[in-house]
Amino acid sequence: MRGRTAGGGCPHTSFHSHTQMPHELPKSYEPGAIETRWADYWVQEKLFSVATPPEGETRPVFTLLLPPPNVTGRLHMGHMLNQTQMDIVVRWHRMRGFITLWLPGTDHAGIATQMMVERDLAKEGKKRRDLGREKFIERVWEWKKLYGGAILDQMKRLGASVDWDREYFTMDENLSRAVREVFVRLYEEGLIYRGKYIVNWCPRCETAISDLEVKHEEVAGKLWEIRYPVIGMDEFITVATTRPETMLGDTAIAVNAKDERYTHLHGKTVRLPLMNREIPIIPDELAQPEFGTGAVKVTPAHDPNDFAAGKRHNLPQIDVMDEHAHMNENAGAYAGLDRYEARKRVLADLQEQGFLVAEKDYSLALGKCDRCGTVVEPRLSEQWFLKIQPLADRAKEAVERGEITIVPENFRQVYLNWMNNIYDWCISRQLWWGHRIPAWTCGQCGEIIVAREAPAKCTKCGSGKPEQVSDVLDTWFSSGLLPFTTLGWPEKTRDLEVFYPNTLLITGFDILFFWLARMIMFGCHFMRDHEQDAAIKKANGDEGKNESKNDSVPFRHVYIHALVRDADRQKMSKTKGNVIDPLEIIERFGTDATRFTLAAMAAPGTDIAFSESRTDGYRAFANKIWNAARFMFMNVDRVEPGLRPTLSGTSVVLDRSRSQTLEDRWIFSLFNRVAKDVNEALAAYRFHEAANRIYDFFWGALCDWYLEFCKPRLNFEEGGDRENARIACANLVNLFEASLRLLHPIMPFITEEIWHKMYDEDPPNKSIALAPYPEMTESQVDLDAEVEMAILQDLIVSVRNLRAELKVEQKAKVPIELFSQEPAVWSLIRQNDDAIKRLANVESIVEVAQSKATQYPARSSARFDVHMIYEKKIDVAAECERIKKERERIDKEFANNQRQLGNEQFLAKAPAPVVEGLRRRSQELVVLIEKAKNKMEELGCS
RNA sequence: AGGCCCGUAGCUCAGUUGGUUAGAGCGCCUCCCUGACACGGAGGAGGUCGAUGGUUCGAGUCCAUUCGGGCCUACCA
């Protein structure tokens, strides 16, 4: 239900019926109902859906991909920060006239989703193997249908202006087809290979995981030294290990060839304790003389370095564990034991048999599964790998050459460092949920067939029904393709032509390598011959810099956002229990206030310590806006019912033809300045600057000064001029409307609500989101007005200041005497006599020919002296104290100025405006010092 | 082991290429329920910018060292 809260009556009923104001607004802003209403409206009206632009389109394009949240996910503060920033940038571009596409979707999240469903199954006492692969996958799809949309629904509450018609899921048929295509092409190009290598294995998830999915944790462990008897000699060789149970799989001892301590043992063998196996001593660089004893055990099946050494020396690989990290039949007497149990027994037995030499405290970086925390076990297994170097080279180049810019810039270096030290990527996972690898094994001859569709028979031996490999692909393999697959690849679609490369990517640094790096690798590889529509590329410009740029990159700009922490700067985590639920915050303060908080705190590169008190403050800001609107409506309804804004392009319309009051000139000047700053801030992702600038303008300038100045003009009934009131109203309405547009990207809901009301629910666009964004109009910047206003403000504040100090009753009006040496100041004060009286609570202003600065109570500025006529016992001591303090400050500054101005080096080297400014200030200071001195004398201060 | 970031008012944070008097929100103190708003208005207190040294006419800002806090990358047994 949209519509005014007052309901019922005709909005244009005449001004005489005082019972019914057309714009009746509640006294305070309640965001809840208003926000959900507009959130629904935006989705239902499909306001942000983008049709494929036809040939010949000449508008600039802005494309942004939503980093797909896991289907299993629930919205957290990180999402909200990310999405708020994206929405701000997206709304801003849309309002600036870009064809703006923001693509939403979710990620199938292999391990996470499988775990969720396995947990459900466990409640029924079942395991996934009880169901079998097909049934299990059906079950996952059911789960996805039921819960998978939750996070996207939550997004709607944030107001995210995405194109819901283009929502994707990484397991959609078209995206899956693209994944198969990519796999096959990479395989055909020789970039994907299969082989038996050591991978990171999670015994709980029962799958291989990539290097990135291993989190290292520094723990206090032990280093055990074990001695192996050298055969045929009365000697032992001692090695050190942190994982003694792996010694069961040792197939050699390595020593460094240059290590003279062991030269005499070259070519000898040792007897492996517990297993009673004879293994050689080999010279290999694996052993570093400086470390430990200089000799190292070699276990090719359980350690990546040992694996490599084993290859060099043709050593057997003895795998002593199974996929659950239990010891297997190769572990002899220890078969069947869990790895840690086996460790205990092995150590005990070694001890007993006299082979354990020492047990030392040792700090080691233990690798744990990112997903479940289980200690990762290096495991020898058959996996699929992506040869990364060729892809990384291009991906590196794209960033080095500036075809992709990264903000904040330090992440550029992080990215390049990583690319420079990259290893092949293990892309196969032993899971059921995910994109199954498009490869088949022939049961007959063992041939591996990689194909887009299931082959009917073996391509080599011709026997029937090859079986598809059971592994699926790493989830990031498919999400790395999204920038082009969501636009229709491998088809050469018009969408690709228009929207690729994406303009921007906003994401967190935590998936810099997982996702961002992979998108760049895949994009540069698969889109290498791509060219964006020339007209659109030109329209987009980037000041012309884009035109020479390569169009294979997945996006032209990257903005990396910070981490949201709790108010005590602690990282939020479920285990710590300090997670702030954004929806709960929204419930309490409103989405707008929450968004504003995140924007205002989002200085690039700095983590955000989310504090509710800030949000509370911004809720007050929303309320302030609401009440300023009430004030405006109240006056419009009284002065000129039915008055609407004169929406004209990107500027604010100032009616300069008739009334040109100082406050109008001033606020319009300021507005334009702010518009300029905000546009610049947003262009540089300086969200906090944009937010603060608008906040200060709206509250500190518009509400605190402009509206106060306007009041008498609007009040024509009390003898005012009705025409003047009309002009004031029109200007106020236009200014307000433009301010709403300026604020809209950050606070979309309240701005939408008020904006519609300004047009009596019949606005020129379906949404303020489709109205143009304000830009600076140079001609409306009015420096004189700004200077004049500053003098008036200074005067008013001075008088308020005196009143507060003398504790003059709030209601009492006092006369003041004013002096200035400048005729211009005189006329300024005369023209604004009424405003000064009202805002400073002054009864009368008497112009005096002689300064009364020395008579208490008085204040001075460089431009005027004001003396208040008020009979009250003066606290001479306190006043002296105040002046003294002020003088100290001025003296210090003056001394500093003189020192600099007396310095020839400074005069010679400092830029002219700085010297100029200092000189001007010095003159002011001389005046101020003189005034203060006189006053002190007058008062008889010591 | 290598790299990165942070340390500014009681709290949370701004302070773009070094340039005149270091800012904001919240909190605190005083006064005011004035017809947009007490989620408000007016005024005020509060900082030797972690420490030391250097570059410079000039440093919160640049450099070095150091202390404290955080993060990322790394196959050293």
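So that the names make sense, note that chain A is the first sequence line, chain B the second, and so on, each numbered from 1.
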Q: Check every atom of B/U21, B/C26, B/C71 against the side chain of A/Phe509 and return the nucleotide holding the closest atom.
A: B/C71
Q) Between atom CG in A/Asn841 and atom C1' in B/U34, what is the gap in whole Å? A) 9 Å
Q: Figure out the CZ/P separation between A/Arg921 and B/G58, and round it to whole Å.
A: 22 Å
Q.
Suppose we define a pair by two distances each less than 3.5 Å, Watson-Crick or G-U wobble; what does B/G18 pair with here?
A. none
Q) Heavy atoms under 4.0 Å, any strand shown: does A/Glu680 hit a base, just sugar-phosphate, or nothing? A) nothing
Q.
Looking at B/A1, which nucleotide sits across from it as a Watson-Crick or G-U wobble partner, both distances under 3.5 angstrom, or is there none?
A. B/U73
Q) In whole angstroms, how far is the P atom of B/C57 from the CG atom of A/Asn903? A) 8 Å
Q. Below 4.0 angstrom from OP1 or OP2 of B/G15, is there any side-chain N or O of A/His688?
A. yes
Q) Across the strands shown, which category fits A/Ser28 at heavy-atom distances under 4.0 angstrom: base, sugar-phosphate, nothing? A) base
Q.
Rounding to an integer number of Å, can you tell me how far A/Gln413 CD sits from B/C4 P?
A. 9 Å
Q | Shortest side-chain distance from A/Ser613, nucleotide among B/G43, B/C26, B/U73 | A | B/C26
Q. Is there a donor on the side chain of A/Asn305 or the base of B/C75 sitting less than 3.5 Å from an acceptor on the other?
A. yes
Q: Return the orientation label for the A/Tyr695 and A/Trp699 ring planes: parallel under 30°, perpendicular over 60°, tilted otherwise.
A: tilted
Q.
Counting the atoms with a prime plus P, OP1 and OP2 as sugar-phosphate, which does A/Leu907 contact under 4.0 Å by heavy atoms, base, sugar-phosphate, or nothing?
A. nothing
Q: Indicate whether OP1 or OP2 belonging to B/G15 is found under 4.0 Å from a side-chain N or O atom of A/Arg686.
A: yes
Q. Roughly how many Å is it from CZ in A/Arg243 to P in B/C75, rounded to a whole number?
A. 14 Å
Q.
Would you say the ring centers of A/Tyr415 and A/Phe509 fall short of 6.0 Å from each other?
A. no
Q: Looking only at side-chain atoms of A/Gln900, point me to the closest of B/C39, B/C57, B/A74.
A: B/C57
Q) Can you tell me the Watson-Crick or wobble partner of B/A9, both distances under 3.5 angstrom? A) none
Q) Would you say B/U21 has OP1 or OP2 under 4.0 Å from some side-chain N or O of A/Asn896? A) yes
Q: Would you mind classifying the nucleic acid contact of A/Gly367 as base, sugar-phosphate or nothing, using non-hydrogen atoms under 4.0 angstrom?
A: nothing
Q | Presence of A/Trp699 side-chain N/O under 4.0 Å of B/A36 phosphate oxygens OP1/OP2 | A | no
Q.
Of the options B/C75, B/U30, B/C33, whose atoms approach the side-chain atoms of A/Lys807 most closely?
A. B/U30
Q) Which heavy atom of A/Arg261 sits nearest a heavy atom of A/Pro289, and at what distance? A) NH2-O, 3.1 Å
Q. How would you label the contact of A/Val915 with the nucleic acid (heavy atoms, under 4.0 Å): base, sugar-phosphate, or nothing?
A. nothing
Q. What nucleotide among B/A36, B/G41, B/G19 has an atom nearest to a side-chain atom of A/Asp704?
A. B/G41
Q: Kindly determine whether A/Glu916 and A/Arg919 satisfy salt bridge (charged side-chain N to carboxylate O under 4.0 Å, His left out), including the steps that lead there.
A: CA-CA 5 Å; A/Glu916 178 94 3; A/Arg919 284 220 171 93; 5.6 Å; no
**Q.** Any A/Glu753 side-chain heavy atom under 4.5 Å of A/Trp626 side chain
**A.** yes
**Q.** Side-chain N or O of A/Tyr362 closer than 4.0 Å to phosphate OP1/OP2 of B/A77
**A.** yes
(Q) Run the salt bridge (charged side-chain N to carboxylate O under 4.0 Å, His left out) test on A/Glu245 and A/Arg343 for me, step by step, so that the C-alpha distance in whole Å, both residues' side-chain angles and the decisive distance to 0.1 Å come before the verdict. (A) CA-CA 5 Å; A/Glu245 68 282 7; A/Arg343 178 176 300 176; 2.8 Å; yes
Q. Between atom CG in A/Asn410 and atom P in B/C6, what is the gap in whole Å?
A. 8 Å
Q | Separation of B/G25 P from A/Arg693 CZ (nearest whole Å) | A | 15 Å
Q) Phosphate oxygens OP1/OP2 of B/U21: is one of them under 4.0 Å from a side-chain N or O of A/Asn897? A) yes
Q | Given B/G35, B/C75, B/G3, the nucleotide with the shortest approach to the side chain of A/Met634 | A | B/G35
Q. Does OP1 or OP2 of B/G44 have a side-chain N or O of A/Asn801 closer than 4.0 Å?
A. yes
Q.
With a 4.0 Å cutoff (strictly under), does any side-chain N or O of A/Lys624 reach OP1 or OP2 of B/G41?
A. yes
Q) Looking only at N and O atoms, is any donor in the side chain of A/Tyr423 or the base of B/C75 less than 3.5 Å from an acceptor on the other one? A) yes
Q) Which part of the nucleic acid, if any, lies within reach of A/Pro378 when heavy atoms closer than 4.0 Å are counted: base, sugar-phosphate only, or nothing? A) nothing
Q: Please state whether the phosphate of B/C39, meaning OP1 or OP2, lies under 4.0 angstrom from any side-chain nitrogen or oxygen of A/Lys27.
A: no
**Q.** Side-chain-base donor-acceptor pair under 3.5 Å for A/Glu708 and B/A36
**A.** yes
Q. Counting only Watson-Crick or G-U wobble pairs whose two distances fall under 3.5 Å, which nucleotide matches B/U66?
A. B/G50
Q. Any side-chain N or O of A/Arg614 under 4.0 Å from OP1/OP2 of B/U12?
A. no
Q | Selection from B/G41, B/C39, B/U30 that lies nearest to any side-chain heavy atom of A/Gln810 | A | B/G41
(Q) Assess the residue pair A/Glu612 and A/Phe589 against the criterion (side-chain contact (heavy atoms from CB on, under 4.5 Å)); give the C-alpha distance rounded to whole Å, side-chain angles, the decisive distance to 0.1 Å, and a yes or no. (A) CA-CA 9 Å; A/Glu612 280 178 20; A/Phe589 303 105; 4.2 Å; yes
Q) Within the structure shown, what part of the strands sits under 4.0 Å from A/Ala620 by heavy-atom distance: base, sugar-phosphate, or nothing? A) base
Q) For B/A59, which nucleotide is its Watson-Crick or G-U wobble mate, given both distances must be under 3.5 Å? A) none
Q) What is the distance, rounded to the nearest whole Å, between atom CD of A/Gln898 and atom P of B/U20? A) 17 Å
